[in-house]
Amino acid sequence: MEAQAAHRDNFITRYIFSQDHKMISRQFLITGIVMGCFGVLLSVLFRIELAWPEQSNAFLHFFLGDRWAPDGVMDPNIYLALVTIHGTIMVFFVLTAGLSGTFSNLLIPYQIGARDMASGFMNMISYQLFFLSSLIMIISLFVETGPAAAGWTIYPPLSALPQAILGSGAGMTLWIASMALFVASQLIGGLNYVVTIINLRTKGMSMMRLPLTIWAFLVTAILGICSFPVLLAAVLLLFFDRAFGTSFYLSDIYIGGEVLNHSGGSPILFEHLFWFLGHPEVYIVILPALGITSEIISTNARKPIFGYRAMILSILAIGSLSFIVWGHHMFVSGMNPFLGSVFTFTTLLIAIPSAVKAFNYITTLWKGNLRLSPAMLFSIGLVSTFIAGGLTGIILGDDALDINVHDTYFVIAHFHIVMGLSAIFGMFAGIYHWFPKLFGRMMHKGAGYAHFWITFVCAYGVFYPMHFLGLAGLPRRYYSNEAFPMFHDLASINHLITIFAIVGASAQLIFLGNFAYSVFFGARATQNPWRANTIEWTTPVAHIHGNWPGAIPEVHRWAYDYSKPGYDEDFVPQTVPLRKGESDGH
Amino acid sequence: MTGVLVAAVLVLAVVAIGQLSNLLRLRGEIRGGEHPPAIPTERDNNRQGTLMLLFGIGLLIAVIWSLFAWRDTLLPEPAAAHGRKVDTLMRVTLALIFIVFFITQPLLFYFTFKYRGVKGRRALYYPHNDRLELVWTSIPATVLAGIIVYGLLVWKGIMYPSDKGNDDPLVIEVYGQQFNWTFRYAGRDSQLGDADVRFVGGENIVGIDPNDSRGRDDILTKTLHIPKGRKILFQFRSQDVIHSAYMPHFRVQMNCVPGMVTQFSFTPAYTTAEFRQLKHVQHKVSSVNDAIAKRRARGEDVEPWDFDYVLLCNKICGSGHYNMQAKIRVEEPAAFSAWLAQQKEFKDL
Ligand code: HEM
Ligand SMILES: [Cu+2]
Ligand SMILES: [Cu+2]
């Protein structure tokens with residue numbers, strides 16, 4: 001009480017320079033959603049182009065104008081730019097900052113029993129850098145030569161030479177600036193998460209009593225801290241090559257009628273540096289979603305998560321293995337084939353802990369008493385897509401098989417399903433489930449169901465058929481599929497995909513409407529609406545500084561005592577002391 | 001196809017309308033107000049559980065349907081010797097994937113339906129079972145070990161082919177530039193001349209060193225001709241940015257990286273003429289021509305197609321990336337030699 005009374009705030013300190021983890025969490029969430037809208041809109045634009053290549057379209061003209069869609073026909077340069085920015089926004093801005101930023105901030109202090117993050121100030125800086133970085137990325141859409149267009153992987157020399165592609169002019173410079181700020185934001189945020197989890201746990205909250213969400217956020221933050229600096233180094237060297245004529249990545253190039261003055265560099269070096277971040281990055285995207293899902297599935301199945309220790313071990317195994325598999329993106333890059341063998345070996349190892357997680361989710365459902373809320377449906381959807389997408393990874397991770405599907409639509413299908421859909425579903429699940437903690441109200445259930453079903457059906461409808469495009473040999477990042485006669489018969493599949501994409505994208509309006517409506521007019525939340533065990537549900541519904549009005553509660557057991565024999569209720573909150581002779585869960 | 005589309009949209013519409021009515025009913029419940037409105041009721045569990053089951057069934061049916069309906073779009077059998085091994089590995093892996101998919105997905109959706117919440121029932125408290133965990137750690141581990149070893153053997157066979165010794169390969173340089181391909185043959189002396197980016201210009205697209213006598217008889221072409229049955233060693237280079245030489249019918253791909261030479265070797269197994277006779281290829285050609293006929297009927301200017309092997313660029317390289325192609329012709333060795341003898345040598349350009 002005292003803490004709260006002492007703290008006065010006005011509009012600015014409350015909404016803009018807030019150091020409160022709950023407000024920062026909401027800031028990350030809203031920024032992430034706005035960026036998500038951009039990402040989805042861009043994908044609809046280029047999906048239209050792919051279904052009706054090089055045809056005039058009023059919708060395209062409306063968004064791209066005369067500059068990029070003269071007479072409504074999309075320009076090939078902007079096609080590549082749209083794909084690039086779509087990928088960048090989705091991976092980094094929505095599913096890294098939007099997802100981790102929202103839920104790490106919201107749940108770490110709440111679930112470990114801390115009054116706030118270790119450093120509220122750093123937390124604030126982390127958000128502000130992210131905001132600035134988002135702003136720059138969006139501004140880059142409007143520069144004269146267009147935004148970065150070398151793919152989200154920005155391989156040089158394409159990304160280094162403005163002569164090579166329009167987007168490698170000012171657009172690329174802004175991309176680098178934006179990502180440099182982004183990395184700084186991630187590092188500051190990540191350090192804060194790790195320190196908070198290690199140091200600020202409440203009495204009784206041993207590591208082996210942490211909810212799986214927190215384990216996932218911890219490993220995610222460590223992955224980020226170890227890998228994002230490498231991306232920063234990679235793009236800084238790229239910047240030097242672009243601006244100061246160094247030759248880290250460039251050598252033996254003839255372009256625009258002249259031999260360039262660069263020699264001795266290697267693009268392969270960039271590929272190694274990029275994927276040293278790039279691969280852990282996909283786990284940075286997926287682990288928080290898996291953590292969220294573990295929590296939601298257990299709570300709504302009214303059943304302990306099956307194999308808590310195995311779940312932790314597999315998170316740790318996935319996290320550490322993720323640092324030694326990056327080369328599976330480079331099987332046909334020209335690197336030594338022996339390295340191909342090594343990376344195939346390590347890559348396929350990751351399938352083991354991933355399989356364990358999938359089996360454990362399914363077993364958690366077995367003999368449960370499932371409350372099928374929208375959050376629960378999205379979580380089950382995640383398990384489905386995580387399995388479906390993970391399985392095709394066995395093909396891509398196998399160097400001999402990757403030769404013929406590398407960089408085709410098979411890859412697009414694989415990573416959208418296993419990482420894109422799974423992580424987005426995890427994010428939706430988290431929003432529906434923790435909305436009461438975010439905004440003190442409930443989201444509308446019926447609209448949530450409608451949103452889930454249309455999204456789920458369209459998600460498979462968009463990405464499942466892409467496997468066939470890839471197996472037909474269709475490369476990704478192609479502005480038109482009609483330059484090669486052998487792809488003409490794919491037109492009907494491309495139509496199907498685009499229609500699902502448009503319907504699926506429109507369905508997100510249901511979500512946006514529900515979100516906006518519920519923030520202001522949703523049914524008021526009760527303190528523990530889902531009857532969950534974790535201690536964020538012991539805080540008052542209205543946000544207060546310091547989270548708990550009195551002392552921070554002490555924790556006596558793990559988070560998963562659902563339907564424990566001997567108790568009348570089907571949940572036993574972590575704050576309930578163990579009875580005499582009762583053993584702690586796992 | 002259009003039928004499927006309409007059906008899909010209809011299904012979605014039905015789901016949406018169903019949910020909307022749900023929504024309206026809910027408003028009533030909010031007013032009635034006994035059950036907290038955002039918490040699923042038993043009826044919600046029933047309805048959503050059933051929908052999940054239906055979705056699971058629909059998903060499996062759609063997957064099986066697609067395997068038949070879209071078969072012709074897939075690449076035909078490989079036109080290179082090593083490709084057979086790749087395709088066999090692919091089939092084994094796909095079989096495995098489908099087995100796991102068809103076990104886990106039905107379980108997931110069935111459990112969701114079967115254990116949908118009912119008032120008064122209590123879930124089973126079942127936090128762990130180490131024996132079970134061990135089983136489903138060791139089964140995937142064993143199967144994956146098999147796949148890994150199998151895959152590595154295939155990879156080794158493709159990437160270290162020269163272990164066999166005395167096969168004298170035909171060396172061809174594949175040179176990428178924005179946005180086309182050039183091929184260089186060694187000429188009479190069977191040796192490629194040195195090349196360097198400083199010599200690029202005019203007719204000398206690939207930068208052959210004019211002072212190197214080995215390069216004077218080199219031959220530059222824009223279509224790739226290769227003899228059947230002889231091993232070809234491709235050396236890849238690039239003039240400007242990274243490209244990737246992708247020859248899907250041969251199961252071949254390798255990046256072309258400025259500043260270095262990469263390589264890949266394989267032996268073509270069918271001439272172009274022979275490949276056109278394969279049943280799968282003919283199916284593919286006729287379904288492509290069906291699609292083309294439809295567009296011609298709409299007044300578009302598209303030529304009917306006869307099958308040819310192609311080389312595609314498969315690494316983003318700029319605005320013309322989607323159209324960076326070259327034709328590949330596989331011929332009997334005699335026809336190939338005759339063709340090569342007719343080409344101009346570098347010194348005559
Ligand atoms: C609205 C739903 C989405 C649709 C319809 C969609 C569609 C596509 C398509 C067709 C491509 C390939 C374009 C090409 O290679 O020419 C693509 C690229 C990509 N998408 Fe999405 N996508 C969606 C959502 C997502 C999500 C949720 C993610 C998050 C992981 C994501 C990440 C990416 C990335 C990283 C690329 C690669 C960009 C590049 O090639 O540089 N997308 N998307
Ligand atoms: Cu990877
Ligand atoms: Cu290209």
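Each chain gets a letter, A, B and so on, in the order the sequences are listed, and its residues count up from 1. Basis for what follows: all heavy atoms, side chains included, without hydrogens, waters or symmetry-related copies.
- Contact of B/N129 with chain A is made through backbone and side chain together, with heavy-atom distances under 4.5 Å.
- Distance alone, capped at 3.5 Å, places no donor-acceptor pair between the B/Q325 side chain and the A/F484 backbone.
- Listed by chain and number, the residues in a ring pair (Phe, Tyr, Trp, His ring centres under 6.0 Å) with A/F331 amount to none (sequence neighbours excluded).
- A salt bridge does not link A/R371 with B/E42: every distance from a Lys NZ or Arg NE/NH1/NH2 to an Asp or Glu carboxylate oxygen is 4.0 Å or more.
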Enumerate, atom names and distances included, each donor-acceptor pair closer than 3.5 Å involving a side-chain atom of residues 312-322 of chain B, sequence neighbours excluded.
| residue | atom | partner | partner atom | Å |
| --- | --- | --- | --- | --- |
| B/N314 | ND2 | A/H406 | O | 2.9 |
| B/N314 | ND2 | B/Q253 | OE1 | 2.9 |
| B/K315 | NZ | A/D407 | OD2 | 2.7 |
| B/H321 | ND1 | B/K315 | O | 3.2 |

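- Using a 4.5 Å cut-off between heavy atoms, B/R295 touches chain A through its side chain atoms alone.
- Between chain A and the options B/L153, B/T262, B/I97, B/V252, the largest number of non-hydrogen pairs under 4.5 Å is found for B/I97.
- Using a 4.5 Å cut-off between heavy atoms, B/M260 touches chain A through its side chain atoms alone.
- The closest side-chain donor-acceptor pair between B/Y125 and A/D561 falls under 3.5 angstrom.
- Here the side chain of B/Y246 pairs no donor or acceptor atom with the backbone of A/V405 at under 3.5 angstrom.
- Remark: aromatic rings of A/F306 and B/Y126 are close, center separation under 6.0 Å.
- When heavy atoms are compared at a cutoff of 4.5 Å, B/S287 approaches chain A by way of both its backbone and its side chain.
- Proximity to chain A (any heavy atom under 4.5 Å) is restricted, for B/Q105, to the side chain, taken from C-beta onward.
- Contacts of B/V257 with chain A are made by side-chain atoms alone, with heavy-atom separations under 4.5 Å and no backbone atom involved.
- If you check the side chains of A/N360 and B/W136, you find a donor sitting under 3.5 Å from an acceptor.
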